[in-house]
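Proteins come first, then strands; the chains are lettered A, B, ... in the order of their sequence lines, and each starts at number 1. Since this is a predicted model, take the numbers as computed values, not measurements.
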Amino acid sequence: MDNPIRLNLSFYQREDVVKISKELLGKVLVSHFDNVKTAGIIVETEAYRGPDDKASHAYNNRYTNRTKVMYEAGGLAYVYLCYGIHHLFNVVTAKKGMAHAVLIRAIEPLEEIDAMLYRRNFDNLKPQLTAGPGVMSIALGITIANSGMDLTHPNSNIWIEDRKIVVKPKNIIESPRVGVAYAEECAGWNWRFRIAGNKFTSKAK
DNA sequence: CGAATGATCGGCT
DNA sequence: GCCGATCATTCGA
């Protein structure tokens, strides 16, 4: 099942992680587990730029068992556990040795919504089904077991497609990221991006 | 080896 | 709107 519109290495391995974060808005995140293919439009992202970024796990080039995936070449999934409960899905970008990543925070359900409802134990479609990095991973069936997966490999269970959904620059809202209160010089970096007016972003404004 | 920490969510007041 | 859950990872001894 080769997919010609799957994003490839030339997309992921660029240096400008902020630019990639913006371009991921409107792209379609697809997961394929247990013979069920779930998909959703990416509506909210957040950029994390390794060594300079106090909010990043890789700040100051911290290199551990967990963060080593971020130093790999772009195109891999980096999934980690937060608060012991939530699986957060990131995309590794840039070239090998550069610990840049984009956190996918929210999607708009697109395909196999029933499966996502089942995974979340929801009865009907509500914005909070996939609005938020932790719950989005549940809806798509993503866990830390998928960390390090190659998104560009033809047989991977997770990938991102370009379906030519156009997001105009004026419809991209830039805002400060969460957890930057302690990182003053980083507080001015508006590296959280979302699509204006979309109901499926986490907590509007 | 033990203790502190956290890029969140959901339930309760 | 606030508060507690819950555990892999990290760091210090």
Side-chain angles (χ1 to χ4, degrees), chain A residues 17-18 20-22 24-25 29 40 42-72 74 76-94 98-109 116-149 151 158 160 172-195 199-205:
Chain A
V17 65
V18 173
I20 294 174
S21 297
K22 290 183 187 178
L24 279 174
L25 293 174
L29 177 62
I42 296 171
V43 293
E44 186 172 348
T45 65
E46 213 167 282
Y48 283 87
R49 194 174 65 182
D52 319 318
D53 190 350
K54 286 191 176 176
S56 169
H57 289 159
Y59 172 61
N60 204 20
N61 280 323
R62 190 164 51 146
Y63 188 88
T64 66
N65 246 340
R66 177 174 64 156
T67 62
K68 67 182 178 189
V69 176
M70 285 201 279
Y71 293 85
E72 290 300 317
L76 298 184
Y78 169 49
V79 186
Y80 71 94
L81 196 61
C82 181
Y83 290 84
I85 308 175
H86 305 291
H87 302 263
L88 273 55
F89 177 74
N90 300 249
V91 177
V92 178
T93 68
M98 279 294 204
H100 295 179
V102 179
L103 171 66
I104 310 296
R105 296 188 54 86
I107 61 170
E108 177 179 339
M116 291 194 248
L117 291 173
Y118 175 76
R119 286 175 180 146
R120 292 275 285 129
N121 210 10
F122 274 37
D123 292 328
N124 48 355
L125 181 58
K126 287 182 283 195
Q128 58 263 50
L129 176 68
T130 53
V135 294
M136 182 205 77
S137 298
I138 298 174
L140 290 174
I142 296 172
T143 72
I144 55 171
N146 299 304
S147 195
M149 178 170 287
L151 302 176
I158 306 169
I160 299 174
I172 297 178
I173 298 175
E174 303 180 5
S175 56
R177 298 167 304 168
V178 296
V180 293
Y182 61 92
E184 289 160 20
E185 70 267 32
C186 306
W189 298 352
N190 290 339
W191 281 1
R192 184 176 189 174
F193 308 104
R194 66 172 122 232
I195 298 180
K199 294 183 179 58
F200 293 88
T201 57
S202 55
K203 193 65 177 259
K205 170 73 172 297

Asks: In whole angstrom, give the distance that lies between atom CD of A:E46 and atom P of B:dG6.
Replies: 16 Å
Asks: For the CE atom of A:M116 and the CD1 atom of A:I107, what is their distance to the nearest 0.5 Å?
Replies: 5.0 Å
Asks: Can you measure A:M136 atom CE to B:dA7 atom P for me and round it to whole angstrom units?
Replies: 17 Å
Asks: How far does CG of A:L24 sit from CG of A:L103, to the nearest 0.5 angstrom?
Replies: 11.0 Å
Asks: What string of B, S and - do you get for nucleotides 7-13 of chain C, 5' to 3', when a contact is any protein heavy atom under 4.0 Å?
Replies: BSSSS--
Asks: Quickly work out the A:Q128 CD to B:dT8 C1' distance and round it to whole Å.
Replies: 15 Å
Asks: Using only side-chain N and O atoms of A:R105, determine if any of them is under 4.0 Å from OP1 or OP2 of B:dC9.
Replies: no
Asks: As a test of your reading of the structure, name each stem of DNA chain C as range with range, where a stem is three or more consecutive Watson-Crick or G-U pairs at under 3.5 Å.
Replies: B:1-6 with C:7-12, B:8-12 with C:1-5
Asks: Mind checking the CZ-CG spacing from A:R120 to A:L125? Nearest 0.5 Å is all I need.
Replies: 11.5 Å
Asks: Hey, does the side chain of A:T67 reach the backbone of A:A58 with a donor-acceptor pair shorter than 3.5 angstrom?
Replies: no
Asks: Hey, does A:R194 have a side-chain heavy atom less than 4.5 Å from the side chain of A:R105?
Replies: no
Asks: Only counting residues at least two apart or in another chain, list the ones meeting side chain to side chain contact (heavy atoms under 4.5 Å, CB included) with A:M98.
Replies: A:E15, A:A94, A:H100
Asks: Let me know which of A:K199, A:E108, A:M136 forms a side-chain contact (heavy atoms from CB on, under 4.5 Å) with A:V43.
Replies: A:E108
Asks: If you measure from CD1 on A:I158 to CG on A:L29, what distance do you get to the nearest 0.5 Å?
Replies: 7.5 Å
Asks: Whole-Å distance between B:dA7 P and A:Y78 OH?
Replies: 11 Å
Asks: Can you measure A:H87 atom NE2 to B:dA7 atom C1' for me and round it to whole angstrom units?
Replies: 15 Å
Asks: Figure out the CZ/C1' separation between A:F193 and B:dA7, and round it to whole Å.
Replies: 15 Å
Asks: What is the distance, rounded to the nearest whole Å, between atom CZ of A:R120 and atom C1' of B:dT8?
Replies: 12 Å
Asks: Without decimals, in angstroms, what is the distance between A:Y80 OH and B:dG6 P?
Replies: 12 Å
Asks: Where is the tightest heavy-atom contact between A:Q128 and A:V135, given as atom of each residue plus distance?
Replies: O-CG2, 3.9 Å
